[in-house]
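Order of the sequence lines sets the chain letters (A, B, ...), proteins ahead of strands, with each chain counted from 1.
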Protein chains: 2
Amino acid sequence: MTQALKFRQAPSPLKASCHQCSLSNLCLPLAIQDNDLDSLEDIVQQGRIYSRGEHVFDQSTPFRSCFAVKSGSIKTSIITEGGEEQVTGFFMPGELVGLDSMSGESYACTAKALERTTVCEFPIDKLEELTGKLPELQHHMYHLMSQEIQNSHQLAMLLSKNTAEERIASLLLSLSSRFQRRRMSPTNFSLPMARNDIANFLGLAVETVSRVFTRFQNQGIIRARGREVELLNVEALQMVTREFSRQGCQQ
Amino acid sequence: MTQALKFRQAPSPLKASCHQCSLSNLCLPLAIQDNDLDSLEDIVQQGRIYSRGEHVFDQSTPFRSCFAVKSGSIKTSIITEGGEEQVTGFFMPGELVGLDSMSGESYACTAKALERTTVCEFPIDKLEELTGKLPELQHHMYHLMSQEIQNSHQLAMLLSKNTAEERIASLLLSLSSRFQRRRMSPTNFSLPMARNDIANFLGLAVETVSRVFTRFQNQGIIRARGREVELLNVEALQMVTREFSRQGCQQ
DNA sequence: CGTCCAAGTTGATGTAAGTCAAACCGTACT
DNA sequence: AGTACGGTTTGACTTACATCAACTTGGACG
């Protein structure tokens, strides 16, 4: 660790500044008035920097906090007794990780940084206390959790009804819109996760994911080199996801 | 409708009595002190009786309330633009329906009574107001929503990793434990849903569900006649669900 | 009590995606 | 520069389950 770093990194927990955060229109601050922002800042802790592969938290360890992704990205997954992994989600800047763990003493999943990642930490007891005082914040928490239930239902639907192509098209479009929300290119981005994670998340074999990527590429729908992806024909992708609406329709 | 019924059914909304409800140890009252129970009773409305097949609420209609199942059972499902149905859950007495709809103006799914069913209705604005005042109730709401996220992740896992037999064994065991919580026989119960619903929920074809049922029956694990089910060998069922933990293990 | 229709079962066949195996990167490390 | 090792791609073969089709059961109802 260099001298310079030592100076900048004060002994954590370091207070984060929601006021100055560029993600305040995506993250929790989105829900509350400017003058209540201070009380949120009072409870949030600046998390440390996680490098690729590091665990932000581990399944079955005591549940203390939810984490908002500040930069980078996080993958959450459940590990079964048998050692099987199931990826349950990918989290990008402005998104809140840990909502599935609010029903027990310990984390319901493991959160792993997919790249160099920074987070803000919200200790759960303080967060609950605060949401009790700020109805809009409470409402937003309900909103976020409900959203996550819906997302998960959507995933279940994808897994049970859709083909490999449809699943991958859906994922690409989901990522695309999430990049767009952050004012980044919706058609030209770099996948934060490995093919393996995509496969696991979508209930496919790695080989299948690979094959679909090349098939899409050959059809001129996308261009992919490693993790770099370019969506050449978004409409075609949307067609693929809705392909299953072929109720007597010939195409 | 008989005379007697007309007398008992006062013009709704009728106030429900949580104090006297036999489900108070499963439902929302579980979370709060006896002296706060009155404030919960103040907001809850006695719902009407739904007969089999009736909708309790419909996807895309304005979201007003969450519903606790009092008797009977409810199936929730999403209908896609293409008209495809995806069953997202089954709800039994004491369970809360509608948590996935708290992020929008309208219900995220359709809730249909699987049999003659009664519910208690919690208007969402009043419920939010109350959870702002009762920290334990707020905590419980977080708990329930988090649980639902976990359930849905569990389902996704089942759908993406497990065989037809494993999925059905899991469902049977889940139902079993939910009957048990209600002090009913965990080994001898009647399925509230049709084979079709089971198939849809588990991402299988009806025929497959049927075949697995008979296979289990031939193996002496269960006895099934229509919707009547008897679990003859719970351990065997548990073995089936964990079968995928065969990492080099010979059995 | 017979009729009817939906729900459930059983059998035969097709297929999307898994599995196994091998080659091919890209990049990190000595 | 050479080696080593994930991650990725491609091909050949297998399989669990879907699909299609026929038959059976059972409860609602005149």
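- There is no side-chain donor-acceptor pair under 3.5 Å between A:Glu166 and A:Thr241.
- Once rounded to the nearest 0.5 Å, the distance linking CG of B:Leu99 with CD of A:Gln150 reads 11.5 Å.
- Using the six-membered ring where Trp is involved, B:Phe57 and B:Tyr107 have ring planes that are parallel, under 30° apart on the 30 and 60° scheme.
- On a pure distance criterion of 3.5 Å, a polar donor-acceptor pair joins the side chain of A:Glu207 and the base of C:dC20.
- Remark: P of C:dA7 and CG of B:Leu191 are 15 Å apart, rounded to the nearest angstrom.
- Taking the centre and axis of the six-membered ring of A:Phe179, the NZ or CZ atom of A:Arg181 falls outside the cone set by 45° and 6.0 Å.
- Note on B:Ser210: every side-chain N or O is 4.0 Å or more away from OP1 and OP2 of C:dT10.
- Checking B:Glu84, B:Gln86, B:Glu85 one by one against A:Lys161, the side-chain hydrogen bond (donor to acceptor under 3.5 Å, both in side chains) holds for a single residue, B:Gln86.
- Side-chain N/O atoms of B:Arg195 include one lying less than 4.0 angstrom from OP1 or OP2 on C:dT9.
- Rounded to whole Å, the distance from CG on B:Asp197 to C1' on C:dA6 is 13 Å.
- Across all strands, B:Ala205 comes closer than 4.0 Å to base atoms (heavy-atom distances).
- Not one side-chain nitrogen or oxygen of A:Thr208 sits closer than 4.0 Å to the OP1 or OP2 atom of C:dA16.
- Atom CZ of B:Arg211 is separated from atom P of C:dT9 by 11 Å (rounded to the nearest Å).
- Nearest-nucleotide mapping onto DNA chain C: of A:Arg167 and A:Arg225, the residue sitting toward the 5' end is A:Arg167.
- Atom pair A:Asn162:CG and D:dA18:P shows a separation of 14 Å (rounding to whole Å applied).
- Counting to the nearest Å, the P atom of D:dA18 and the NZ atom of A:Lys161 are 10 Å from each other.
- Distance, B:Asn200 CG to D:dA18 C1': 14 Å, rounded to whole Å.
- Rounded to whole Å, the distance from CZ on B:Arg215 to P on C:dG11 is 12 Å.
- Separating the CG atom of A:Leu159 from the P atom of D:dC17 is a distance of 15 Å, rounded to the nearest angstrom.
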